[in-house]
Every structure is written in structure tokens, then in C-alpha cells.
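These notes are about the structure you will find just below.
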Amino acid sequence: MMANIRRVFGSFIPLCIAMHNGYKVSPSEGAGKFYKESSTRLSRPEVMPIAKGQLDWRALELKWQRRWEEARIFEANPDPNRPKCFVTFPYPYMNGLLHVGHAFTATRVDAYARYKRMKGFNVLFPWAWHWTGATIAGQCERLKRKDPEMIRILTQADKVPPEELDRLTDPVEMARYFTERGRKAVRRMGFSVDWRREFYTTSQHPHYNRFIEWQYKKLRELGCVVRGTHPVVWCPSCQSFVGDHDRLEGEGVRPEEFTLMKFKLAGSDAYLVAATFRPETIYGVTNMWLNPDVEYVEARVDGETWIISPQAAEKLADQGRSVQVLRSFRGSELMGKSCLSPIDGRELPILPGWFVDPDYATGVVYSVPAHAPYDYLALRDLKRQPERLAQFGIDPAVLDKIEPISMIEVEGFGDYPAIELVEQMGVKDQYDPKAEEATKIIYKKEFHEGILKPICGPYAGQVVRAVKAKLIEDFKAKGIADSMWELPARVVCRCGTKCHVKLLQDQWFLKYSDPAWKEKARECVERMKIYPEAARSWFLEVIDWYLDWPCARKMGLGTPLPWDPEWLVETLSDSTIYMAFYTIMRAIRAYNIRPEQLTEEVLDYVFLGRGDPGEIAGRVGLEEHVLREMREEFLYWYPVDLRNSAKELVPNHLTFFIFHHVAIWPPELWPRAVGVNGMVMVEKKPMSKRRGNFVPVEDAVELYGADATRCALLLGAEGMDDPDWSDENARAVKANLESFYNLVLELAKASGGEFGRPERWLLSVLQARIKAVTEAMEELKTRTALSTAFYEVWNDLRWYLRRKMGKPHGPTVRQAVETWVKLMAPFAPHICEELWERLGKEGFVSLAKWPEPDEAKIDLEAEEGEELVKGVLEDLGEVIKVLKVEKPRRACLYVASSWKWKAYLRALEAAREGRPDVGAIMRSLMQDPELKARAKEAASLVKQLVKDIMDISPEERERRLKLGQLDELAVLKEASAFLAKEVGAEEVLVFREDDPDRYDPKDRAKLARPYRPAIYVE
RNA sequence: GCGGGGGUUCCCGAGCCAGGUCAAAGGGGCGGGCCUGAGGCGCCCGUGGCGUAGGCCUGCGUGGGUUCAAAUCCCACCCCCCGCACCA
């Protein structure tokens, strides 16, 4: 028996060290053989030693991982008698090692899986590997070229031994290599995975390949896959598109679509084709700008003659236009001529504009001086330097005829916003950088708030933003407008060539723009659970925003499109419904089904229930029952109950996942829930291989063990917040887990003791903890759940043990500790298994029944009693501190008399209706003769009581009201020895305030209030 | 720029939706005490300021506002993180 509280916490570990000194654990010896000899002092030979005051985590974790595997407890088979729960983690991409970010997301899934399993669900948590895409192939290329950065990343971040590098130049080898290491890491984390269903993607896995072929046949049948063209950033020298990572300049720059307005050149069939983002301003056009110093061409473009820059002609040719350059000339040639406004045929002079860049869009710009700063500036510059006009033989008088035309109304400006702003900002001329700034301001303002004036015909009175798309469509229909793609900023390829936009022909697209498809996806989002709820609007936003997605590429690894095999399904498009494949992977292995047996009709039957299983089975040489079993297994596990990922996947993978499910399956098979979490930071910075703060799972596990890694990650954050991984924190969590382990073992030895209020209190608060952890897990709030299960329960026990001064009640403590271990099992499964075994429990804690809160154990009197003791202890401490006495000789407590309690309870009642009114309470109290006799005293008391009451939570008020008068005298008398010990007093005396025999030299008793006994310290 | 999420006491983080329970949970770190042969572990106390009786003052990105009362509600501003398309 423990002699006192200090011994409970202070001495047992050294004792354990003494007991086990000399036992050295060799990890290679495996489960059950960790010691040189069987411990004679521990009753069970297989339990873990505590080596050097610390656990041998590695040996302990390997032991339980092996036992789980041997017992095959995570292999989930359909069982109609149990509710199922199918949870998934997006298979990781195998271009490198798994890192703590993967571990974080997967640990959340695993903790949820383990929780649900303990709740009695038949839980399936499968795992697979993503090989699809060009990234791995790209890495191999870089490796072949001996790119030093690539070698550095592979050898340092991914810790590939240099001698392996040669082998990894083959993409399949690289994928396989990282898959092997990844699998080891996943196992070491103790994830409760059913490995029978493991696979990897691409044509390298013929079964999966069949599945993707089937999926795309279905999508095509449904009209979800269509052919079309697509703009990409293109390098004319490399003849290939240029992704963000292949650029020297222009990261993040994407193609944008310009509107082209066609102005007929007066007395000619040719059009001056001006490019703009603001076609609505056509109503305010006053003249045309060409750069007189650069070259232009006249070209046949789709049967029309266009005047544009030669660069533009080249770009248009890459955008699916038929382009034939007829002649080339300098811009100066057209100066002083005129063209016609496409809207109303007004004649517009063509003037020299040196700001016009032939490299940008068409090199032709129309002028709207009222609303475009550059246009106003260029006109102003010409007026100031009429000689520059004369140089082209233009009569400067032409400028006098140009009046700005106001066509957009915008608050805070008059008729000519561009002019006002230019003057206000003091922009010098068209070469002043401030011109750009002014342009941005006007554009933004007019786009969002601008209203078109009556001059704008059918669009008058409308907001620019609202009408723009319609206007473009109308102009195109009338044949006065066209469009072209252009990059809003310079992009330079790795090879040094300037890029432009190319429109790729005959691409295969997933038609995410389809309104009917979007609608179904929205419906799915609306009906599913989303953790955290804040992510829901994000999904809806993304679905709304999606355009068609090019779903196939010609490079890298993947599954060829069945009807056009030179195209491979790209990586985000072959990972959308594969969770269904997990459901049949078990049978494929068990029955040794060959890939060619997974025909379209077989999979139609399995996943869609189409056709006659007997006939189909016969045709492919399978037993009918096998086919039926696969169908049943699919229907058993589907739909997906939870898919959890990091938030970066919301706008892509998770949304695809939703789109494809709603396309292929009826609503009852749509996903039930998605979880989204933050991205792991390492020492507060985003993890990056290049930056060198990349933390592989294998390293974390090696240093801290699986349980500590899991807990440190889960304690980091929940919701969409980003958790931070730091060594300091991981170390601290590991130490906490070790203390948890030692404390549980020590407490399990407790025997004897008495059952009283502290025991009732402990069991009562434990029920609240169980409830809180359970509720948090249901919402996937893993941080709240773990922190409650771990720290809050610990604090409860801490108080209890302190309160019992080292004499805990064996059975109660044991019960508490068993519950504690169960609550911790989803998070720190290895150490909990070990404890479970050491506690002498049968079976795996992983399969133990999750605790349920027991209403019968909830004990208001005990909880309020302990609250009182805590409060008194705190107040005593405060008083002693202020008095600056080292060791008080004696402390006296005086509990409130019953008339005060009457007033207190009345005040509590009054507080139910909001802020209590002192007057009203008094009036009602005065009905009672006992109180009426003390009216004066009562009045000041009630004021104080109302203050007290408003200082506690409404729930607490309700509890106290429900409980009624607490027998404070009994509670405190029972606790007096404890209080005396805590404050270091010789004795603590407790009296009723109206006890005539009380010891009360300073006459303090009258200050007593309910839950606040009066105190006298000497 | 657009969309999403945030800014809380030394650090991480709860609280904010449903205003008073909040000097503000929990953890970490740090300081002191106890325990120990010593260390680690554990336990207790402290960790904005003041205080010779359980209390008072200041305080939750910045600036306003609503209210008897605001970390919590409203407005404006500043700052940080994530995603933005052929890429996993």
C-alpha cells in the first residue's frame, strides 16, 4: 500500500528501474522475448520491462503490431449482423517518402476507425498507393540527367542510399521503392489497416487498370467525358506545355481570354482587331491606337482580313485559327487614317500610341479616354507635343474633335473617372508607372460598382460585372467581336523561350461545367456530413466555379483511355471512385481472379447490379457465387462513411470524388461524410524538401515512437487549422505518455481504501469525460477528444489522489484506470494494449467495448461537495498568501446558516430568468418570517449572493438549484484533515456560523455565504 | 485579384456561432517548493500588475460603434496561412 500521496507520484518509477535493471531489450528478438530472463517479480512474463526509467517504445510497438497482424483483427469481412463503417485516406503519391503531414491525416482516420471499432462497428480501413502521373517520370528524368537538386532531395530528404539511385531512374522502380518504404512506415504507425486490399495504380496493376477502364467507359456513356480544346501555356521551342515548375519566369500565370473588337478600316475590307478585357467600353470609344514604330501584318484569319501584330498572328495560329500573313508594314503607315466603330459606325481616327506593346494581345488598342487612364494620357501627350502628330502628317486639329465619351457611372467620380484620377494622382504621361496603377484602380472600381449609362443601349442601367458575359456573347453573335487567349504576364520556359497560349485540340475532358452534374454534386454536399462544417461552403463554391477538366495526358504513368489508348487518365482523374475497388480487392486475391476476368459486364454487375450474374460468370469463367459475393461485398461496404484529407485537396481531389460518385451511383451510395484538416507545419514553416524541414514518418517513429508521434500530431490542431510539428513538443508528449503508462500501472496496484464522496466524485466526473470524448470523436474533433481523454482525465485522477492523501479506493481507481486506457486506445493504441494486458484484461483493447456514460454514476452532491472543497482550498491559499504567514497554526471555517441558503436558492431561481432583480428577491423573501426578522442583514446578503451567482455558469446554477442545500458542514468536516495538510496547518476546524460554541475570536462567522464559508486563520 | 481559414496572455491552443460564467480551459516552456544519494520522472505553487482576508486594476490584431455589460455582436482597416486548373 502506498503510504502517502508523495509516494504515489514520487517513488514508483525508481522502484521499477530497480526491478528491471539489467534487462536489455533487443528489438530483433520480437514479441514476448524481450528479456534475458523472465522477470521473477512481475507476475506475467510477457509484459514489458521499463528499461532505464523509460519504455522501450520500439519493442513494445512492434510487439503489438505483430500481435494484431497475427490475430488479423483489422481484416474486415462483410458481416450483415454488424453495422459497418468504411473509412478512407486518399492514397499517397509515391514520388517520395511519407511525411508527418500524411501521418497527421491518416492518424485522424485511424483514430476514428479505432473508435468506431470499439463502438461495435465492423470497420474497414484500407490502404493503397498512387503512382499515376508525370511527376515520378519527371523525377526520373532529372535523376538521369544527374540534376544535383534532384539527387540532393532524393538522398537527403527522402533518404535514398546513393547506391540505389541508379535503379530509380525507372519510374516504376521509383514508385515501387517508395511504396515499400511507405508500407513499412504505415505499419510502424500502427494504423489499423486491412492489408489484403492493398494495391497501387496505373497499368502496372492490371486489376486496377481494368477498374479505371470500366470507370471511364461508364463516364463516357453518361456523357461526362467529352472532347474539346483547351488553352495551355506553351513553349514554341520545346513544343510542349510549360507547368509552373518548368518556368524561369511567370510562376502562377495562367491564360486569360481577351475579347477582340473588330474595327473596319475605312475604305477597306480589313479589320483593325483590338484586344480588350473591357469590351463594354466600346460605347465610349473615340479613336484607335497603333504603335507607329513597330511592325504590323495584314493576315487572313479564318477568312477575314485582320490587321494585328505579327506576334499576334503567330499566337492565333496556335489557337486553332487558320492564319495566313498577306503583308507586313509599319504602324506609321496607318497614322491619320480612320476606322469605324463596330457598334454605330462612327469614324474614328487612328493615332500613334507608343505605349502599345505588339507582344501583348493583338498590338491594337482602341481608346476610351473617359474610362481608361492610358488612353487619356496618350491623347494629352499628343496635345502637348503636336509636332509628334505632324511627323505623321496629321493635323493636330483632329485632337480637338476628340471628346471623351462618358459611359459608365461610378460612385465617387464624375463623368470621366479616368481623367479625374489621372489628374488627382498627378500622372505625368503614358510612360509614368503610375498610369498602370491608375488603370488598376479604375478597372476594379468600374467592374464591381460601375453602372452602364443610357448610351450603352440594351445594357444601360446594368452593373458591369453582371452584364459583361452576356455582352461578349452578343457581340460575338453579331460578328463584331472575337476572342483570343493571352498570358497576363511574361512567362519564360526553362529553355529561355518566351511562352504563349496554345489551344490544344481534341483533348478529353470531364465535363464539370455541366449544370446538371454540378447540381447533383451540390446535392451530395448538402446531404453529407462535413467536418468541420466550415468546409461546406468551400465545396459549394468550388463546385460552382469548376470548368471542364482535361482528364488525360500523354506522359507519365497511368491507365490508357480504353477508346483512345494514346491518352492516359491523369492523376486527379483516376483517383475518384477507387474506394469501390477496395471492396472487391479482397475477393480478387482470395479467388485469384485474373485481370481479364474483370470485364465490363462483370464490373457492371458488381458495381451497378446490371445483368444476370450466372450468365456473366459463365462467360468469364468465374463461379457465380464469387460474382455474387463481390456484389454483396460492394453493397455491404458502400457508401464510404468517411473520407478525410488535408484541406489542400478540397478544391481538387475531394471535389472530384464527389462529382464522380454522383455521376456513377444513385444517392444511397453517395459518400456520407468528408473530413478536412490543416497542413502540418514543421517548426512553424510549411514543410518542404527543398527548405530542408521535411520530416518523414519513418524518422518521427524512430525518434519518438508511433504513439507519441500520433498523439503529438493530433494534439496539434483540429478543424482546418495547421498543426505544428516540433521536436520539443514530440519529446514532451512522449514523456507524458510514459508517465501515463507508469501511473496506470501504479494505480492498478491500489487496494483497500474506503468508498466515499471523493470516489463518487471521481466516477461522476469520469462519466462527463466519456461523454465529451465520445461527442468529440463523432465530430472528428480529434484534438479535443485526445486532450480530454488524456489531460482532463489525468487531472481528475490527480485531484482524486491528492484528495485521498495516498489512500485511494482500489476498486474505484481500477475502474477509472480501465476506462482511461480505453479512452486513450484510439490515439495511443500500442501502449494501451500493453496496459490492457498488464491490467490482466482479456483480449485486445482495440476490440474492447467503448465506455458509455452511466447516468447512475452521475452524482451532483459529490460534484458540488468537491467544488466546495476546491473553492475553500483556493480561498485558504489566497488568505494565507495575503497574510504572508508561512505556516498557519489553525484555520477555522464557518458554514452559512440555513436562512442564507433559503436566500441563495431563491436567488438561483431568479437567475433562471436572466439577470436577477435584488428588489424582487427581497420582496419574495420577506414573506418568510425567519428572513423578515433579519431584513437588514438579508438585504446586503442578497446583493452579494446575486454577484456570486452571476459569477458561475448557467449550467452550474441549474445544478446547484437542483441539488438544493448542500450539507457543507459534513463535507468540510470530512475534508478537514485534507485541508489542514494542504495548507500546512495543525488543524482545520469547521463550525456552523450560528453554532454558539464555535471558536470565533475575530467574529468572522457572520461573513459566511453558501459555497463560500467564512474563514478565520491564525 | 478571387475563394476558404485565421490573428487570444512566453509558446501551442480553448473560448467567439447562442454577449455576462473570462485574467480567460488544457498542454508546453520557465521559476520556486517537495520527493530523490543525484539526475530524470512525479506531486504542489507561481508565471499581466497591485494587494496585511478570499479582493481590485489593466487586458484577447488596430481603430470606431451597439449594449447596463464585448475576446464574444456591427463597421472599417492591417497582418498571416491555404487553394486557384492539367499539377500531386
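In the text below, chain A, chain B and the rest are named by the order of the sequence lines, each starting its count at 1. The figures that follow rest on heavy atoms only: side chains count, while hydrogens, waters and symmetry mates do not. Please read all numbers here as calculations on a predicted model, not as lab measurements.
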Considering only nitrogen or oxygen atoms on both sides, find all protein atoms under 3.5 Å from nucleotides 78-82 of chain B and state each distance.
{"from": "B:C81", "atom 1": "O2'", "to": "A:Asp722", "atom 2": "OD2", "distance (Å)": "3.0"}

TODO: Output yes when at least one side-chain N/O atom of A:Asn729 is less than 4.0 Å from OP1 or OP2 of B:G29, else no.
DONE: no
TODO: Quick one: label A:Ala646 by what it contacts on the DNA or RNA (base, sugar-phosphate, nothing), any heavy atom closer than 4.0 Å.
DONE: nothing
Task: Non-neighbouring partners of A:Arg553 that pass side-chain hydrogen bond (donor to acceptor under 3.5 Å, both in side chains), sequence neighbours left out - done: none
Task: Euclidean distance for P, B:G59 against B:U72 (whole angstrom) - done: 13 Å
Open item on the list: Across nucleotides 14-20 of chain B, 5' to 3', mark each nucleotide with B, S or - according to how protein heavy atoms within less than 4.0 Å reach it.
Closed with: S-----B
Task: Rounded interatomic separation in angstrom, taking CG from A:Asp544 and P from B:C84 - done: 18 Å
Task: Euclidean distance, atom NZ of residue A:Lys981 to atom P of B:C34 [Å, nearest integer] - done: 14 Å
Task: A:Phe740 CZ - B:C41 P separation (whole Å) - done: 19 Å
Open item on the list: Distance check needed: B:C45 P versus A:Asn795 CG, whole Å only.
Closed with: 11 Å
- [ ] Could you tell me which residues satisfy ring-ring contact (aromatic ring centres under 6.0 Å, His included) with A:Phe277, sequence neighbours excluded, listed by chain and number?
- [x] A:Phe258
Open item on the list: When you measure from the side-chain N and O atoms of A:Asn736 to the phosphate of B:C41, is any distance below 4.0 Å, counting only OP1 and OP2?
Closed with: no
Task: All side chain to side chain contact (heavy atoms under 4.5 Å, CB included) counterparts of A:Thr179, not counting sequence neighbours - done: A:Met94, A:Trp129, A:Trp131, A:Arg183
TODO: Pick base, sugar-phosphate or nothing for A:Leu649, based on heavy-atom distances below 4.0 Å to the nucleic acid.
DONE: nothing
- [ ] Look at A:Arg1012 and B:G55 and indicate whether a side-chain polar atom (N or O) is within less than 4.0 Å of OP1 or OP2.
- [x] yes
- [ ] Measure from CH2 on A:Trp794 to P on B:C41 and round the result to the nearest Å.
- [x] 11 Å
TODO: Round to the nearest Å and state the distance from A:Phe827 atom CZ to B:G27 atom P.
DONE: 17 Å
TODO: For B:G7 and B:C16, measure between their C1' atoms and round to the nearest Å.
DONE: 13 Å
- [ ] Using side-chain hydrogen bond (donor to acceptor under 3.5 Å, both in side chains) as the criterion, list what pairs up with A:Tyr512, not counting sequence neighbours.
- [x] A:His660
Open item on the list: Run the side-chain hydrogen bond (donor to acceptor under 3.5 Å, both in side chains) test against A:Glu570 and tell me which residues pass, sequence neighbours left out.
Closed with: A:Trp549, A:Ser573
TODO: Report yes if at least one side-chain N or O of A:Ser739 is closer than 4.0 Å to OP1 or OP2 of B:G42; otherwise report no.
DONE: yes
- [ ] State which residues pass side chain to side chain contact (heavy atoms under 4.5 Å, CB included) with A:Thr132; sequence neighbours excluded, sorted by chain then number.
- [x] A:His130, A:Thr201, A:Thr202, A:Thr571, A:Asp574
Open item on the list: Without decimals, in angstroms, what is the distance between A:Phe790 CZ and B:C12 C1'?
Closed with: 16 Å
Open item on the list: Holding to side chain to side chain contact (heavy atoms under 4.5 Å, CB included), I want the full list of residues that pass it with A:Lys947, two or more places apart in sequence or in another chain.
Closed with: A:Gln944
TODO: State yes or no: are the ring centers of A:Tyr546 and A:Phe656 separated by less than 6.0 Å?
DONE: yes
Task: Test side-chain hydrogen bond (donor to acceptor under 3.5 Å, both in side chains) applied to A:Glu446 - qualifying residues, sequence neighbours left out - done: A:Arg278, A:His371
Open item on the list: Please report whether the ring centroid of A:Trp799 lies less than 6.0 Å from that of A:Phe978.
Closed with: yes
Task: Distance test, side-chain N/O of A:Arg798 to OP1/OP2 of B:C43, below 4.0 Å - done: yes
Open item on the list: Regarding A:Asp724, tell me which of base, sugar-phosphate or nothing describes its non-hydrogen contacts under 4.0 Å with the strands shown.
Closed with: nothing
Anything under 3.5 Å between a protein N or O and an N or O of nucleotides 71-74 of chain B, put it in a table, one pair a line.
none

Task: A:Trp799 or A:Pro954, whichever maps to the more 5' nucleotide of RNA chain B - done: A:Pro954
TODO: Would you mind telling me which residue lines up with the more 5' stretch of RNA chain B, A:Val733 or A:Thr135, judged by nearest nucleotide?
DONE: A:Val733
Open item on the list: Please determine whether a side-chain nitrogen or oxygen atom of A:Arg803 lies at a distance below 4.0 Å from atom OP1 or OP2 of B:C43.
Closed with: no
Task: Whole-angstrom distance between B:G63 and B:G51, as gauged at atom P - done: 29 Å
Task: Any residue meeting side chain to side chain contact (heavy atoms under 4.5 Å, CB included) with A:Glu257, in chain and number order, not counting sequence neighbours - done: A:Lys476, A:Ser483, A:Trp485
